[in-house]
Amino acid sequence: GRLGISLIVMVLGAVAAGVFSRVAHGATLTCYQKIERVPLRESAPIVELHFGLPAGLLDAIRFEETGETWNVRALGTQGEVGPYQIMPATVAEIKSIKLHLMSDAAVKMLLNRIERELYDGRANTCWAGRILRDLRDKACNGNIACAIAGFTAGGRKARYTGRVLKWLTEVETASAR
């Protein structure tokens, strides 16, 4: 009846969208897909697993960036956005968008769109994980302390990295008990 037809239409739509083929062939879900139904405060460990990061790293970074709260509306003095204070231009660079080839108006429009994306706490968490993994693997030869330092900038880099590494050591000690 009606239910059967509706179900067939839904399945055909899902197959056309690639939903079943991706899962059936063992392709991995995107970071966002893994956490979209998880409470935001519980998303960091899943993102850490997704990107192969040390447990507790994202919470330590977020704490250093915006404090204890999950302030998804946080806006830094240099244009950093969300709980992990990510620069929209960094996301554009990762997406391989050639900003220097675009008009000023087009760059502004694109960065505004990315900024809106970064106000989504889950997207911000996924981007933080991606940036840290890329820094560790591509720029830091596997060194997580280097990746942490690269995540931030300015004169506070050494103190920031030290505090994040101290937090990670505490997490590792607590989980070993």
Side-chain angles (χ1 to χ4, degrees), residues 10 13-14 16-19 22-23 27-140 144 147-157 160-161 163-164 167:
M10 283 177 29
V19 172
R22 276 196 312 247
V23 175
T28 58
L29 296 172
T30 66
C31 176
Y32 197 90
Q33 288 170 324
K34 288 182 177 181
I35 63 170
E36 66 185 333
R37 290 187 174 89
V38 173
L40 182 57
R41 293 182 185 275
E42 297 171 19
S43 63
I46 298 166
V47 174
E48 289 163 347
L49 280 173
H50 181 80
F51 289 112
L53 298 170
L57 176 62
L58 288 173
D59 281 337
I61 297 266
R62 181 188 44 78
F63 185 81
E64 281 300 315
E65 292 292 346
T66 56
E68 292 185 43
T69 64
W70 275 88
N71 185 358
V72 296
R73 302 300 302 167
L75 183 62
T77 58
Q78 303 297 312
E80 315 91 88
V81 178
Y84 294 95
Q85 294 292 279
I86 297 171
M87 295 292 290
T90 302
V91 173
E93 184 179 321
I94 291 170
K95 290 182 174 188
S96 298
I97 298 169
K98 308 287 188 233
L99 296 177
H100 66 282
L101 298 176
M102 299 170 67
S103 70
D104 290 345
V107 168
K108 185 175 182 177
M109 189 168 58
L110 173 71
L111 293 179
N112 283 337
R113 188 176 43 138
I114 292 171
E115 183 177 315
R116 284 191 305 276
E117 175 187 338
L118 289 172
Y119 279 121
D120 176 334
R122 287 170 185 80
N124 198 278
T125 304
C126 286
W127 278 114
R130 165 88 186 265
I131 292 165
L132 284 159
R133 184 213 46 205
D134 287 357
L135 284 167
R136 180 196 63 204
D137 295 351
K138 296 176 183 174
C140 295
I144 197 66
I148 294 165
F151 192 83
T152 188
R156 62 192 187 101
K157 191 177 291 191
Y160 177 103
T161 302
R163 287 192 304 262
V164 170
W167 177 296

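Note that the structure is predicted; figures quoted are calculated from it, not measured.
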* Nearest 0.5 Å please: distance from the CZ atom of Phe151 over to the CD atom of Gln85. => 9.0 Å
Could you list the donor-acceptor pairs under 3.5 angstrom formed by side chains in residues 109-119, with sequence neighbours left out?
residue: Asn112; atom: ND2; partner: Lys108; partner atom: O; Å: 3.2
residue: Glu117; atom: OE1; partner: Lys95; partner atom: NZ; Å: 3.3
residue: Glu117; atom: OE2; partner: Trp127; partner atom: NE1; Å: 2.7

* Supply the atom-to-atom distance Ile61 CD1 to Tyr84 OH, rounded to the nearest 0.5 angstrom. => 8.5 Å
* For the student: nearest non-hydrogen atoms of Arg130 and Ile94, plus distance -> NH2-CG2, 3.1 Å
* What residues form a side-chain contact (heavy atoms from CB on, under 4.5 Å) with Lys138, not counting sequence neighbours? -> Asp134
* Measure from the side-chain N and O atoms of Glu48 to the backbone N and O of Gly56, and report whether any donor-acceptor pair falls under 3.5 Å. => yes
* 4.5 Å side-chain heavy-atom contact, Trp70 and Pro39 -> no
* CZ on Arg133 to CD1 on Ile144, rounded to 0.5 Å -> 11.5 Å
* Considering only heavy atoms from C-beta outward, does the side chain of Thr125 approach that of Ile46 to under 4.5 Å? -> no
* Asked: Which one of Asp137, Val47, Leu58 satisfies the side-chain contact (heavy atoms from CB on, under 4.5 Å) criterion with Leu132?
  -> Leu58
* Indicate yes or no for a side-chain donor-acceptor contact from Gln33 to the backbone of Thr30 under 3.5 Å, with no hydrogens or angles considered. => yes
* Asked: How far does SG of Cys126 sit from NZ of Lys34, to the nearest 0.5 angstrom?
  -> 9.5 Å
* Asked: What's the spacing between Ile35 CD1 and Leu40 CG if we round to 0.5 Å?
  -> 7.5 Å
* To do: Would you check if the side chain of Arg62 reaches a backbone N or O of Ala44 as a donor-acceptor pair within less than 3.5 Å?
  => no
* To do: Determine yes or no for a side-chain-to-main-chain donor-acceptor pair under 3.5 angstrom, with Arg122 supplying the side chain and Val38 the backbone.
  => yes
* **Neighbour count above 12 (heavy atom, 6.0 Å) for Glu93 CD** => no
* To do: Kindly indicate whether the side chain of Ile86, heavy atoms from C-beta on, has any atom under 4.5 Å from the side chain of Asn124.
  => yes
